[in-house]
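Along the sequence shown, residues carry numbers from 1. In what follows, every heavy atom counts, from backbone to side chain, and hydrogens, waters and symmetry copies are set aside.
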Amino acid sequence: MLLLLLSGVSGLGHEVVWLRLVAGIVGVSVLANAIVLATFMAGLGAGALLCGRWIARRPRDVALRVYTGLELFVGAWALVVPLLARGANSLFLSLAGAPGSPGRGVAALVCAALVMLPATLAMGATVPALTGALAADERPHNATGPWLGLLYGANTIGAVLGTLLGGWVLIPALGLWRGGALLAALNWLIAGGAWLLRRGAPRAAGGSREELLDDAPRDMSNKSSSRATRAIALTLVAVSGLVGLALELLWMRGLAAYARDTVATQVMTLAAALLGLGLGGLLGGALTRVGANATAARATSLARLVLLQAIAAGAALLGPVFARALAGGGGAPLALHSATGLQIVAVAVLPGALASGATVPIAASILSSIGGDAPARAAGRALAANTAGSVLGALTTGLWWIPRFGTRGATLIIAALAGLSALLAAAHAIGLFFGASKTTSARSSTPTIRARLAFVVPLSLAMAIVTIVFAARARLPAAPHMPARASGGDALVLAREDAVGLVEVLERGGHQRLVTDRRHAWGSDDPLMLRSMRRQGYLPLLLHPRPARVLEVGLATGVQFAPYLRHPAFERGVIVEISPAIAEAAQRFAPAADHVLDDPRVELIIGDGRDALRGADEGVYDVVVLGLFTAYRPGVSDLYSEELYRAGLRALAPGGLLIQWLPLDQLSDAALRSVIRSLLAAAPSVHAFEKEHYLALVASAAPLVIDGGAALRLVETPAIRDDLERHGLLDPYGMLGSHVADAAALRAFAGEGSRNTDDRPFVEFHPPAAQPVGSYTQASRSLEALLAYHVPASARAVGLDAAGVDRLARASRSRAEFLRGAIAQVRGDRVEAAKRFSAAAALNPDDRLAAITAQRARLRRSGPPMPRGGHRARRP
């Protein structure tokens, strides 16, 4: 058991590391993620099936020798995975077609198989090999279920430790490569333990499969019934794997909406699911039914499987209802380590996982009792079927059921599958049990009263659970795995779900806003928000003389891209958006965005932005914009990595600009400095511009020239002048005055320390402290620290006369005063805030936002914690 527990630790640790490495190659699109996960799990299932068939004919010492070799191989393969990843990266770029094309899926499958499949085949074979070794000298039907339950449970509980180790320790402390090397050493340590165990095993212990069959109680009087029982057992264990994985995926996104989508939330959800599987395996081993009447024993085992399927159906439908009741109303994000959070995790994740885990050893025991299958073979078949169901669950839930039917529809489908399989098994079990009394075999006897109760009780409980579930289905919310949408006068205009998340368009007071996962607001057609997003879009136009070709990652409402359409030099734009639902919802904002997606010069790609940028030709774009994302979300930190910045700079034409927008409220102090250090390591020239609680890092290969004269001439372009005037932005001095720091100042601010890289994704492991929605404490702290290194735009601008330089200097001081007023307001110092806002308005009378904010502060000495502007950060 200790060997399998440690093997589980290394296996999940390797999974965490390898999935990150392969995702770095093929991207984090929904299809790529599904392919990578399915490849990993398919290897586990195939390894279990092949090894189970082969090892069934071997004695114990051979099984232990095989197990030792498997662990040695996994450890050796782990050392070459980083090298394979490098080669697979080049292979992917050569095989893959354009972003979003079907060819990329095939390329992702080839690369994932190249990197992971040999090792996952070996990892999947370890449990059947050790089950066969330990149960080799016992009757198969007696040994298979208990031993597999113990070993599967120990292996899966070890996987819990591996999840915590890989997610919280190895990657942040050592990085992917060194963490993988440490796990390889653990595999070799396990192999050493297995070698010592083999030395103590009798060389001919156990016997061959044929010898075991001679001693196994076989009831072959009705071969068709035996085949039907075997098929039903395999179906139940496959459906159990499907339901378990589907529920895990649903709750992975659901708990991230209740709490925050951080590594900690993801790790806790996965650890809870694995803990449930492990405890279920132990429970299933203990519940393995062995009796004098083999047929009745199989029927009773099927009845227990029926109960487990009913529990899974109940967990699917009732779990979201109970979780919402425990969570209560809105407010700050829920801490999953709190008492309420742990209760929600327990209610949401554990029941379904427990039922799925308990199914495996019971099904293996049934398989072993039919025809006397050797323990290794029975275990391999049960694990393979369970894993095949898990693969199917991962693919269908993420790629079909949720996008097509939403989370409510997907939940109903999952519950229905569990219920239908339970009904099928119940019908067969009843016929099997009541036919047992007619058995004439010498080894059989009529079922006792105790045996009848052992059969009837689980079926009765299953029927009661199914009845409750059927009655409760109508109360299932529209988005059951998400927190309830807060009321407050909002009308729901549009609701769409895809594999990325829930997308809603809400309306209040005649204005619409875009919200994801009930938490993140992307933008609005409110005039003040439109002004801020328009300003975001005009910054590159003021800094680049000819933005002819533009790539922007992140669509949002599309408002921020609209200014390019008015520039006389604009020729072609590419917008990359990972969420199809966002693309649909953005059409609701088409008038405010100048119908940007209908412009023939603009191409929308549904895919991974990192993938699109890495695959871009050299020197093809004048401007590359990385939009606003939820920085700490798992996998999103790749969009802030040094490697991606280098890829973005390679895609720029001479004089091109790479612009990284940062949500300061979603970056801790350490993470912000890490991102700045990463960009400075990739680009020789980096400048920072602010937009209230957002920061734009503008990077280029050559020193950035802030040409004030060119900006003034651009503003005089009729199409642009009309648009700026319409949104209250006819102030190029104010927009250029938002310059915060140059490269020297940013280096001084960032200091020495870790960079955010593909190998060590620092950002996602250092999230900011949890804050209530609308709180900007973290953003104000970051802005205050940056202002200590403030470099006004007038110190770096060219092309202006003396009056223009003086005006730009006043605009720069105005922006600094405005930010200090916002910082004071967050701290609750309303008097100081009013004074700063008034000073900002006086320094630059053309800054309409400063004037409005100063007036509000004077009238009420209060206001929003931070000026509203832009869309909330989100994932790509």
Side-chain angles (χ1 to χ4, degrees), residues 99-100 493-496 498 500-501 503-507 511-516 520-541 547-567 570-609 612-613 621-630 639 659-661 663 691 694 696 719-720 722-724 726-727 729 868-876:
V493 176
L494 178 74
R496 293 290 183 272
D498 58 22
V500 180
V503 176
E504 293 175 312
V505 177
L506 306 177
E507 184 175 359
H511 297 297
Q512 297 182 133
R513 69 182 189 278
L514 194 56
V515 180
T516 61
H520 303 299
W522 294 19
S524 151
D525 58 10
D526 175 84
L528 197 59
M529 294 283 278
L530 286 178
R531 178 191 184 281
S532 181
M533 289 189 291
R534 218 61 166 202
R535 180 168 168 242
Q536 179 176 326
Y538 271 110
L539 179 63
L541 275 63
R549 296 156 298 172
V550 180
L551 169 68
E552 181 152 348
V553 178
L555 171 62
T557 60
V559 171
Q560 76 282 356
F561 197 88
Y564 293 106
L565 307 182
R566 297 173 178 270
H567 197 287
F570 178 73
E571 297 174 0
R572 177 175 176 263
V574 176
I575 303 175
V576 185
E577 172 56 55
I578 201 169
S579 169
I582 287 293
E584 181 181 353
Q587 295 292 346
R588 304 288 309 185
F589 299 87
D594 293 349
H595 298 275
V596 64
L597 296 180
D598 297 326
D599 193 297
R601 298 171 295 174
V602 177
E603 176 187 7
L604 175 65
I605 295 176
I606 303 298
D608 175 23
L613 191 54
Y621 295 112
D622 299 301
V623 176
V624 170
V625 180
L626 300 174
L628 290 160
F629 318 112
T630 309
L639 288 169
I659 299 175
Q660 170 74 80
W661 283 98
K691 185 176 75 78
Y694 301 122
I720 291 178
D722 292 345
D723 190 50
L724 290 171
R726 181 159 57 97
H727 292 94
L729 288 169
R868 296 170 58 196
H871 51 270
R872 294 278 297 167
R874 61 182 186 87
R875 75 172 293 175

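Separation of atoms CE (Met533) and CG (Asp525) is listed at 8.0 Å; rounding is to 0.5 Å. One distance of note links OG1 of Thr630 with CG of Leu628; it measures 9.5 Å at 0.5 Å rounding. Between the OG1 atom of Thr516 and the CG atom of Asp498 there is a distance of 10.0 Å, given to the nearest 0.5 Å. Atoms NE2 and CG, on His727 and Asp723 in that order, are 5.5 Å from each other to the nearest 0.5 Å. Taking CD of Glu603 as the reference point, atom CG of Leu551 lies at 10.0 Å (rounded to 0.5 Å). Note that the CZ atom of Arg535 and the CG atom of Leu724 stand 12.0 Å from one another [nearest 0.5 Å].
Using a 4.5 Å heavy-atom cutoff, the side chains of Val493 and Arg588 are in contact. Side-chain contact between Leu613 and Val624: present, with at least one pair of heavy atoms (C-beta onward) separated by less than 4.5 Å. Residues Ser579 and Val503 form a side-chain contact, since some pair of their non-hydrogen atoms from C-beta on lies under 4.5 Å apart. At least one side-chain heavy atom of Lys691 sits under 4.5 Å from a side-chain heavy atom of Gln536. Put simply, the side chain of Ile606 does not reach to within 4.5 Å of the side chain of Ile578, judged on heavy atoms. A 4.5 Å side-chain heavy-atom check between Phe561 and Val550 finds at least one atom pair inside the cut-off. A heavy-atom distance below 4.5 Å is found between the side chains of Leu597 and Leu555. Counting only heavy atoms from C-beta outward, the side chains of Phe570 and Pro547 never approach each other to under 4.5 Å.
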Item to complete: Verify side chain to side chain contact (heavy atoms under 4.5 Å, CB included) between Leu565 and Val596, making sure each step is shown before the conclusion.
Response: CA-CA 8 Å; Leu565 307 182; Val596 64; 3.9 Å; yes
Discussion item. Under the criterion side chain to side chain contact (heavy atoms under 4.5 Å, CB included), I'd like the reasoning laid out for Arg513 against Asp526: C-alpha separation, chi angles, the key distance, then a yes or no.
Written reply: CA-CA 8 Å; Arg513 69 182 189 278; Asp526 175 84; over 6 Å; no
Item to complete: Given side chain to side chain contact (heavy atoms under 4.5 Å, CB included), test Glu552 with Tyr564 step by step and report yes or no.
Response: CA-CA 11 Å; Glu552 181 152 348; Tyr564 293 106; 4.0 Å; yes
Discussion item. Could you walk me through whether Leu514 and Ile582 satisfy the side chain to side chain contact (heavy atoms under 4.5 Å, CB included) test, starting with their C-alpha distance in whole Å, then the side-chain angles of each, then the deciding distance to 0.1 Å, before giving a yes or no?
Written reply: CA-CA 9 Å; Leu514 194 56; Ile582 287 293; 4.2 Å; yes
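Side-chain N/O atoms of Arg534 and Gln560 include no donor and acceptor closer than 3.5 Å.
Ala585 approaches Val505 most closely through the heavy-atom pair CB-CG2, 3.9 Å. Considering all non-hydrogen atoms of both residues, Ala562 and Ala593 come closest at CB-O, 3.5 Å. Across every non-hydrogen atom of Gln660 and Leu626, the tightest pair is OE1-CD1, 3.4 Å. Taking all atoms of both residues into account, the shortest heavy-atom contact from Val553 to Gly609 is CG1-CA, 3.7 Å. Here the closest non-hydrogen pair linking Leu604 and Ala583 is CD2-CB, 3.8 Å. Between Leu530 and Ser524, the shortest heavy-atom contact is CD2-O, 3.5 Å.
The residues Arg566 and Asp594 are annotated as salt-bridged, a charged nitrogen and a carboxylate oxygen being separated by less than 4.0 angstrom. Taking the charged nitrogens against the carboxylate oxygens, Arg496 and Glu504 have no contact shorter than 4.0 Å, which rules out a salt bridge.
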